[in-house]
Number of protein chains: 4
Amino acid sequence: MREIVRERLITAAARQFAEAGIEQARIDDISTDAGFAKGTVYNYFASKEELFGAVVEEAAQRAVSRFAGVDPGGGDVRARLVALAQADVSVLRDNESFTKVLVREAMSFRPTTYPVIELHLAPFVLQIAGILTDAVTAGQVRDDLPPPQMALMFVGILSLLYVQHWGSNGDWPALDDIPELAVTAFFDGAATRRKEGES
Amino acid sequence: MREIVRERLITAAARQFAEAGIEQARIDDISTDAGFAKGTVYNYFASKEELFGAVVEEAAQRAVSRFAGVDPGGGDVRARLVALAQADVSVLRDNESFTKVLVREAMSFRPTTYPVIELHLAPFVLQIAGILTDAVTAGQVRDDLPPPQMALMFVGILSLLYVQHWGSNGDWPALDDIPELAVTAFFDGAATRRKEGES
Amino acid sequence: MREIVRERLITAAARQFAEAGIEQARIDDISTDAGFAKGTVYNYFASKEELFGAVVEEAAQRAVSRFAGVDPGGGDVRARLVALAQADVSVLRDNESFTKVLVREAMSFRPTTYPVIELHLAPFVLQIAGILTDAVTAGQVRDDLPPPQMALMFVGILSLLYVQHWGSNGDWPALDDIPELAVTAFFDGAATRRKEGES
Amino acid sequence: MREIVRERLITAAARQFAEAGIEQARIDDISTDAGFAKGTVYNYFASKEELFGAVVEEAAQRAVSRFAGVDPGGGDVRARLVALAQADVSVLRDNESFTKVLVREAMSFRPTTYPVIELHLAPFVLQIAGILTDAVTAGQVRDDLPPPQMALMFVGILSLLYVQHWGSNGDWPALDDIPELAVTAFFDGAATRRKEGES
DNA sequence: AATGAATGAGTCTTCATTCAT
DNA sequence: GATGAATGAAGACTCATTCAT
């Protein structure tokens with residue numbers, strides 16, 4: 001019961017925070033949006049700051065939760081990364097507000113939220129780093145950059161495409177194109193190339 | 001005279017906005033930081049919002065100004081992009097606050113500032129798009145993605161590295177490494193490769 | 001409940017506005033005067049301006065409300081006008097602040113308030129105009145001036161006497177004398193006269 | 001020299017005070033309107049309040065100055081009053097701002113300005129009272145009201161018509177009609193009448 | 001004497017937070 | 001547990017006034 005109300009508040013908060021930013025969002029609107037009166041928020045969260053923390057935490061958890069079991073494994077890095085990116089985009093579709101909050105906060109490196117985000121995103125990044133390590137071993141990925149940092153870059157590029165998607169009002173890139181695009185940008189780069197093994 | 005004071009105010013504002021964000025920054029502090037009493041800001045800017053606009057504008061202009069004459073031209077895309085990225089980093093060194101504000105705002109896609117940023121960054125993006133078009137013609141760059149969007153990606157990757165630099169408190173990547181890193185990430189990608197023409 | 005507080009705030013506001021004028025009156029004082037903390041006003045009115053509007057509106061309504069049923073009708077204009085003026089004075093006794101605000105504003109022809117006053121005073125003026133029209137028909141009142149404008153004059157003269165009452169600190173005219181005085185001034189004028197029908 | 005600048009400032013101040021009221025009028029605008037920079041006002045007046053006082057004083061003086069020699073004398077009160085009212089209206093034409101300030105202040109019974117106005121208007125009121133006293137003696141004016149108070153009423157009615165003129169944007173009454181109208185209202189009243197001496 | 005940049009006291013207004021019901 | 005009225009700290013903004021030039 002208590003948990004359900006809490007959830008409703010967090011979801012409403014995510015919406016408001018995504019639309020207005022943390023400063024501009026008003027507790028009143030959040031409560032109303034969730035179907036309660038102003039004061040109710042304070043029966044569940046000690047402060048606006050704490051509510052925001054809960055939103056970020058939930059956002060990070062949601063983002064991570066769906067990756068479990070998504071990785072097809074196997075030898076093809078590209079395919080594995082695309083699968084992850086697709087999972088991420090599908091999460092985004094159901095949680096656009098949460099993701100917006102997450103990305104905006106990540107890019108704002110606010111001392112209070114950055115560590116939270118890092119902490120919760122760690123599993124995701126590690127999973128990617130794992131895939132990359134496999135791929136380095138298999139000779140599919142360059143070995144002159146540490147996998148964890150390449151993983152960060154991959155997550156970053158994904159976020160970047162989200163930002164451009166939102167910034168262009170959905171004009172470009174379309175959500176559907178993002179997974180492939182992200183992997184292409186991350187993996188292949190802009191240069192013309194002859195794939196390994198091509199004659 | 002008037003211009004100098006204005007400049008001082010904008011610089012102080014950039015500092016405060018970079019540190020605290022637009023909402024948290026207090027007009028009082030900005031004026032004090034610039035060495036004036038609180039009312040002085042309002043002799044130069046009609047409102048906090050306008051001051052912020054001036055900071056963004058200045059940030060965008062500074063970012064662009066240094067690219068003039070930086071492009072070495074010639075046939076090597078990589079070298080040209082590295083030169084531009086180096087110029088950008090050197091601008092950043094002198095204007096860290098401005099760039100922070102710029103990047104944070106760009107990533108927050110706020111309706112009021114996003115267009116301003118787009119407008120002022122356009123020349124920079126176009127310059128890169130030009131280089132990429134040359135490179136496409138020369139067969140150095142893939143022709144399946146439109147140059148303007150690749151240019152956006154390049155700028156995005158650069159910004160991403162700044163964010164990671166700031167987010168890690170300068171840990172990784174170091175400023176000095178960013179130009180090379182950005183070009184590598186953008187141009188080469190993560191895949192192992194044999195450069196065009198290698199046997 | 002909510003209505004009571006609103007009323008208390010309006011009453012306090014009327015006091016402060018009457019004493020200090022709209023510019024000089026401070027929201028703080030109004031709230032305190034009403035027995036609340038300063039912020040409370042804003043739970044009921046969006047701005048000082050709106051609160052002022054509410055005061056003017058209430059003032060006009062109070063002024064009008066008591067005229068209902070006051071007019072004795074019958075053939076004697078003088079008596080009917082005196083009855084109305086007496087009602088007006090009795091309203092004034094209970095609402096001195098409101099009336100002061102009303103009169104001051106009416107005489108200041110401020111674009112924002114003048115229409116409000118006109119609108120709300122219209123019924124009163126119309127009632128008087130009606131009485132005068134009757135009287136014109138009955139041959140008691142001159143027919144060379146339009147009744148609505150004569151009605152305005154009557155209201156004006158009444159207000160004028162209030163102003164002189166306040167301006168002289170109650171010295172002259174006394175409130176009790178005002179109804180008779182107003183009707184005399186308006187109806188009879190200063191000239192010596194022989195009433196119609198006197199030999 | 002000094003006197004001329006002072007005069008220009010007072011005239012500009014009158015304009016601004018008339019348009020915006022004493023609180024809303026800004027020193028800056030007054031100075032600019034007079035053709036000077038902001039600071040100049042303070043070389044002539046110690047404060048805004050003092051400047052306002054000077055405007056009121058000047059307004060009162062201008063209002064009075066033109067009555068000298070205007071009174072045609074003779075036996076007809078009506079004619080003498082009309083002459084005075086005409087003089088007043090003609091003064092008003094050249095000094096609309098000053099008169100507006102004066103009337104508004106008179107109706108606002110502000111402790112600081114009311115005495116000033118009374119003081120300066122006294123000669124005018126006395127002159128009218130004199131005429132009325134003559135008329136009482138001649139049996140043309142009722143003897144049951146003290147002439148000074150009747151004089152006040154006359155001035156009041158005149159002001160009232162100005163207010164209605166301004167409040168209706170010049171619609172009614174027209175300036176030209178005011179002298180006759182004022183005397184009619186004051187002298188004859190609204191009642192049908194047979195003038196003294198009519199058969 | 002004129003200027004206009006700088007000052008800072010004074011207010012309105014917002015809104016997170018408290019708490020009695 | 002929900003409510004929403006009351007609170008009051010905080011901060012943007014105005015503008016009369018000062019004063020160095």
Side-chain angles (χ1 to χ4, degrees), chain A residues 1-2 5-6 9 22-32 34-52, chain B residues 1-2 4-6 9 23-32 34-52, chain C residues 1-2 4-6 9 23-32 34-51, chain D residues 1-2 4-6 9 22-32 34-52:
Chain A
M1 199 65 245
R2 199 146 207 295
V5 173
R6 209 185 122 93
L9 286 170
I22 179 172
E23 322 287 351
Q24 288 297 318
R26 301 193 293 117
I27 286 285
D28 211 353
D29 292 345
I30 293 172
S31 252
T32 305
F36 296 98
K38 195 187 216 168
T40 299
V41 166
Y42 289 90
N43 294 328
Y44 295 84
F45 303 93
S47 68
K48 188 184 181 181
E49 191 64 29
E50 193 180 303
L51 172 57
F52 183 71
Chain B
M1 201 60 244
R2 201 136 208 298
I4 292 173
V5 172
R6 209 186 120 95
L9 286 168
E23 321 287 352
Q24 288 298 318
R26 298 195 291 116
I27 285 285
D28 250 31
D29 293 345
I30 292 172
S31 237
T32 306
F36 297 100
K38 75 171 160 170
T40 299
V41 167
Y42 290 93
N43 293 331
Y44 294 83
F45 303 94
S47 66
K48 190 184 183 179
E49 190 65 28
E50 192 179 306
L51 173 56
F52 182 71
Chain C
M1 200 61 244
R2 200 136 209 298
I4 291 173
V5 173
R6 208 185 123 93
L9 286 169
E23 322 287 352
Q24 287 299 317
R26 297 194 291 115
I27 285 284
D28 251 31
D29 292 345
I30 292 172
S31 236
T32 306
F36 297 100
K38 76 173 158 167
T40 299
V41 166
Y42 289 93
N43 293 331
Y44 294 84
F45 303 94
S47 67
K48 190 182 182 180
E49 191 65 29
E50 192 180 304
L51 173 56
Chain D
M1 201 62 246
R2 199 145 207 297
I4 292 174
V5 173
R6 209 185 122 93
L9 286 169
I22 179 172
E23 322 286 352
Q24 288 298 316
R26 301 192 297 117
I27 287 286
D28 210 354
D29 292 345
I30 293 172
S31 251
T32 305
F36 296 99
K38 192 188 220 170
T40 299
V41 166
Y42 289 90
N43 294 327
Y44 294 84
F45 303 94
S47 68
K48 189 184 181 180
E49 192 63 30
E50 193 180 304
L51 173 56
F52 182 70

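All chains are named by letter (A, B, ...) in the order of the sequence lines, taking the proteins before the strands, and each is independently numbered beginning at 1.
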Checklist outcome for this item: E50(B) atom CD is separated from dC13(F) atom C1', nearest whole Å, by 13 Å
Checklist outcome for this item: Taking dC12(E), dA16(E), dA5(E) as options, the one with an atom nearest any side-chain atom of I27(A) is dA16(E)
Checklist entry - At under 4.0 Å between heavy atoms, what does A25(D) touch on the DNA or RNA strands: base, sugar-phosphate, or nothing? => result sugar-phosphate
Checklist entry - Checking all strands, does V41(B) fall into the base, sugar-phosphate, or nothing category for heavy-atom contacts under 4.0 angstrom? => result nothing
Item to check | Interatomic distance where CZ belongs to R2(B) and C1' belongs to dT21(F) [whole Å] | outcome: 16 Å
Item to check | Distance, nearest 0.5 Å, that separates CZ of R6(A) from CG of N43(A) | outcome: 13.0 Å
Checklist entry - Which base, if any, makes a Watson-Crick or G-U wobble pair with dT21(F), both distances under 3.5 Å? => result dA2(E)
Next on the checklist: Distance check needed: dC15(F) C1' versus I22(D) CD1, whole Å only.
Outcome noted: 14 Å
Checklist entry - What is the distance from CG of D28(C) to P of dC12(E), rounded to the nearest Å? => result 7 Å
Checklist entry - Closer to the 5' end of DNA chain E via nearest nucleotide, is it E49(C) or G39(B)? => result G39(B)
Next on the checklist: If I take atom CZ in residue F36(A) and atom P in nucleotide dT17(E), what distance separates them, rounded to the nearest angstrom?
Outcome noted: 19 Å
Checklist outcome for this item: Note: for Q24(B) and Y44(C) on DNA chain F, the residue whose nearest nucleotide lies more 5' is Y44(C)
Item to check | Nucleotide dC12(E), atom P - distance to CG of D29(C) in whole Å | outcome: 8 Å
Next on the checklist: Donor-acceptor pair, distance only, cut-off 3.5 Å: does the side chain of T40(D) make one with the backbone of A37(D)?
Outcome noted: yes
Checklist entry - Hey, is the side chain of K38(B) pairing donor to acceptor with the base of dG10(E) inside 3.5 Å? => result yes
Checklist outcome for this item: dist I27(C):CD1 -> S47(C):OG (nearest 0.5 Å) comes out at 8.0 Å
Next on the checklist: OP1 or OP2 of dA16(E) versus the side-chain N and O atoms of R26(A): is any pair under 4.0 Å?
Outcome noted: no
Item to check | Sugar-phosphate, base or nothing in reach of Y42(C), heavy atoms under 4.0 Å | outcome: base
Checklist outcome for this item: dist E50(B):CD -> Y44(B):OH (nearest 0.5 Å) comes out at 14.0 Å
Checklist entry - Atom CD in E23(B), atom CD1 in I22(A): separation rounded to 0.5 Å? => result 10.0 Å
Checklist entry - Starting at NZ of K48(C) and ending at P of dT13(E), how long is that distance when rounded to a whole Å? => result 8 Å
Next on the checklist: With a 3.5 Å limit on both atom pairs, tell me what dT11(E) is paired to, counting Watson-Crick and G-U wobble, or say none.
Outcome noted: dA12(F)
Checklist entry - Has the side chain of N43(C) got a donor or acceptor atom sitting under 3.5 Å from an opposite partner on the base of dA5(F)? => result no
Checklist entry - Whole Å only: how far is the CZ atom of F52(B) from the C1' atom of dA12(F)? => result 16 Å
